[in-house]
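Heavy atoms only: backbone and side chains are in, while hydrogens, waters and symmetry mates are out. Ligands are counted one by one from 1 in listed order, and the atoms in each one are counted from 1 as well.
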Amino acid sequence: MEKLTGLKKLKTAVFISGTGSNLKNLIKFSKIKKTPISINLVISNFNKAKGLKYANQFKIKKKIFNFNNIKNTEKKILTLLKKEKISFICLAGFMKILSKDFIKKFDGKIINIHPSLLPKYKGLNTHHRAITNRDKFTGCTVHYVTEKLDSGKIIMQKKIKVATKDNSKSLAKKVLKLEHKLYPAAIKKIFS
Ligand code: GRF
């Protein structure tokens, strides 16, 4: 495996399941001058994921896997990643859990963005939980992916205030905006 340092742009795959605003943002980031990554592949577990349109728009190779048989699917994904010489993976709203074996093969080369201030609120419904608990702050985290869900080493976090009038929807919107700042910053940090 290639080391995550140096001047060469790392061939990166982005895994998505939904809207893909983080994907779009990472594509934009991959096109600026001093970027450490190039995005060469988009993988989705859902053929109707809205974010796939960005792969089309920016002419990036995309592939959909249904994940019915995880072992088989991951084997196919690994073959594809090898073929495309991918050495870095960004999960961006990807709703499937990758196996321990898969993660081992890309150890330290898979990162994820999560919409909470980890270790608070691992898993789903993070904004709802922040509202229910009347948290004063929330935010987002970019972390390394390990076999334990949302528990890998934290690379970077960004924090915002929760307003008294916020609900989970308004909070999700605010945090997503913050995510778009955080994800590129965290990638820059890894390579700096
Ligand atoms: C983001 O909030 C991300 O943190 C979470 O799912 C959402 C995906 O948004 N895991 P998008 O698909 O990147 O627009």
Side-chain angles (χ1 to χ4, degrees), residues 12-31 35 37 39-58 60 62-67 88-98 102-103 106 110-133 135 137-163 166-190:
T12 300
V14 183
F15 287 33
I16 64 163
S17 301
T19 318
S21 69
N22 277 293
L23 167 65
K24 183 186 176 198
N25 185 56
L26 288 178
I27 295 172
K28 265 168 58 191
F29 172 63
S30 76
K31 296 195 181 294
T35 185
I37 59 164
I39 296 175
N40 302 78
L41 182 64
V42 174
I43 286 180
S44 175
N45 63 306
F46 182 46
N47 62 0
K48 291 192 173 66
K50 283 191 185 155
L52 288 169
K53 71 174 177 223
Y54 300 117
N56 298 337
Q57 193 179 324
F58 293 94
I60 297 168
K62 65 170 195 291
K63 192 94 188 166
I64 295 119
F65 294 94
N66 65 26
F67 277 78
F88 191 54
I89 297 174
C90 295
L91 307 184
F94 182 61
M95 300 304 283
K96 291 282 174 190
I97 294 175
L98 297 165
F102 184 95
I103 293 167
F106 269 80
I110 311 177
I111 64 172
N112 180 42
I113 188 151
H114 184 77
S116 79
L117 293 171
L118 288 172
K120 223 173 182 184
Y121 309 141
K122 295 171 184 174
L124 298 174
N125 304 317
T126 56
H127 306 304
H128 177 72
R129 288 191 272 167
I131 294 287
T132 312
N133 290 335
D135 287 351
F137 292 93
T138 189
C140 46
T141 305
V142 173
H143 64 94
Y144 288 103
V145 172
T146 60
E147 57 177 292
K148 264 181 102 188
L149 185 72
D150 300 329
S151 300
K153 189 175 169 225
I154 291 171
I155 300 159
M156 225 172 167
Q157 288 185 314
K158 264 188 192 290
K159 191 168 152 181
I160 44 156
K161 264 194 169 158
V162 181
D166 268 326
N167 54 35
S168 15
K169 209 174 155 196
S170 66
L171 211 52
K173 219 172 149 185
K174 277 190 201 171
V175 173
L176 193 60
K177 249 185 161 172
L178 205 63
E179 289 181 35
H180 297 160
K181 291 198 180 119
L182 181 68
Y183 218 162
I187 294 171
K188 267 191 198 159
K189 189 182 168 190
I190 293 174

### Message
Using side-chain contact (heavy atoms from CB on, under 4.5 Å), reason through Ile64 and Leu52 one step at a time and then give a plain yes or no.
### Response
CA-CA 9 Å; Ile64 295 119; Leu52 288 169; 3.9 Å; yes
## Note on the structure
In ligand 1, the atoms that come under 4.0 Å of a heavy atom of Thr19 are 12 (O), 14 (O)
### Task
Looking only at protein heavy atoms, identify the closest one to atom 7 (C) of ligand 1 and say how far it is in Å.
Gly93 CA, 4.3 Å
### Task
Give yes if a backbone or side-chain nitrogen or oxygen of Leu176 is under 3.5 Å from a nitrogen or oxygen of ligand 1, and no if not.
no
#### Entry: Which residue and heavy atom of the protein sit nearest atom 14 (O) of ligand 1, plus the separation
Ser21 OG, 2.6 Å
### Query
Has the side chain of Lys122 got a donor or acceptor atom that lies under 3.5 Å from a matching backbone atom of Ser151?
no
### Task
Take Thr138 and Lys159 through the side-chain contact (heavy atoms from CB on, under 4.5 Å) test and state the conclusion after the steps.
CA-CA 6 Å; Thr138 189; Lys159 191 168 152 181; over 6 Å; no
### Task
State, yes or no, whether a side-chain contact exists between His128 and Ile131 at a heavy-atom distance under 4.5 Å.
no
### Query
Among Thr126, Asp150, Asp135, Thr141, which one satisfies side chain to side chain donor-acceptor pair (under 3.5 Å) with Tyr121?
Asp135
### Query
Under 3.5 Å between some N or O of ligand 1 and some N or O of Glu179?
yes
### Ile113 near ligand 1 by a heavy-atom separation under 4.0 Å
yes
### Task
Report the residues that fulfil salt bridge (charged side-chain N to carboxylate O under 4.0 Å, His left out) with Lys174, sequence neighbours left out, ordered by chain and then residue number.
Asp166
### Message
Could you check whether any heavy atom of Gly20 sits closer than 4.0 Å to an atom of ligand 1, since that is the contact criterion I want to use?
### Response
yes
